[in-house]
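Report on the structure given below.
The residues of the chain are indexed from 1 along the displayed sequence.
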Amino acid sequence: FEAAAAVSPTQLSGCMGGGSMRFSAQTECIPMPTGNLVITSDGIHDTLSQEVLEELLLTEGDMLENIQNIVKMAVEKGSVDDKSILVVQR
């Protein structure tokens with residue numbers, strides 16, 4: 001929550017594919033067993049189900065590799081929108 005107060009919505013949208021244009025974000029809080037915070041752009045969450053995202057994020061091993069697999073799967077499933085994912089690990 002401290003990070004939310006430290007940056008403007010424009011900075012966040014720029015990091016998540018929104019550039020400098022105004023945007024309206026639809027968010028949902030999904031508790032992860034690991035306590036991680038996960039934010040995805042629509043190029044990810046409009047293509048992959050919550051169950052698939054959780055399965056890939058909870059795979060043992062390197063988190064960066066897991067994230068790369070999520071982006072790869074979104075591309076393979078036909079996502080043509082930007083594909084951004086941010087994971088804050090606890």
Side-chain angles (χ1 to χ4, degrees):
F1 296 109
E2 290 176 26
V7 298
S8 73
T10 304
Q11 288 171 312
L12 179 59
S13 69
C15 292
M16 296 304 292
S20 62
M21 56 187 178
R22 298 188 62 83
F23 77 104
S24 173
Q26 296 179 2
T27 61
E28 181 178 345
C29 181
I30 302 166
M32 294 289 290
T34 58
N36 293 346
L37 170 64
V38 180
I39 302 172
T40 62
S41 67
D42 54 355
I44 300 287
H45 61 252
D46 283 354
T47 306
L48 304 177
S49 69
Q50 176 182 332
E51 291 78 19
V52 169
L53 287 172
E54 287 179 6
E55 180 181 330
L56 291 170
L57 287 168
L58 294 174
T59 300
E60 291 292 324
D62 182 51
M63 180 60 77
L64 180 58
E65 186 176 322
N66 294 349
I67 292 168
Q68 290 169 335
N69 288 334
I70 289 171
V71 173
K72 181 179 176 183
M73 183 177 284
V75 170
E76 290 172 354
K77 293 198 173 273
S79 176
V80 295
D81 207 339
D82 65 282
K83 288 159 279 302
S84 302
I85 183 166
L86 173 69
V87 177
V88 179
Q89 293 181 286
R90 290 187 79 188

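You'll find the side chain of L53 stays beyond 4.5 Å of the side chain of V38, heavy atoms only. The shortest side-chain heavy-atom distance between D42 and D82 falls under the 4.5 Å cut-off. In this structure the side chain of L57 reaches within 4.5 angstrom of the side chain of M63, judged on heavy atoms.
What you find for A74 and G43 is that their closest heavy atoms are CB-O, 3.8 Å.
Summarising the geometry, atom OG belonging to S84 is positioned 10.5 Å from atom NE2 belonging to H45; distances are rounded to the nearest 0.5 Å. Here the CG atom belonging to L56 is positioned 5.0 Å from the CE atom belonging to M73, to the nearest 0.5 angstrom. One distance of note links CG of N66 with CG of L58; it measures 8.5 Å at 0.5 Å rounding. Taking OG1 of T47 as the reference point, atom CD of E76 lies at 12.0 Å (rounded to 0.5 Å). For the atom pair CD (E54) and CG (N36), the distance works out to 11.5 Å, reported to the nearest 0.5 Å.
Partner of I70 under the side chain to side chain contact (heavy atoms under 4.5 Å, CB included) criterion, out of V87, T40, V52, I44: I44 alone.
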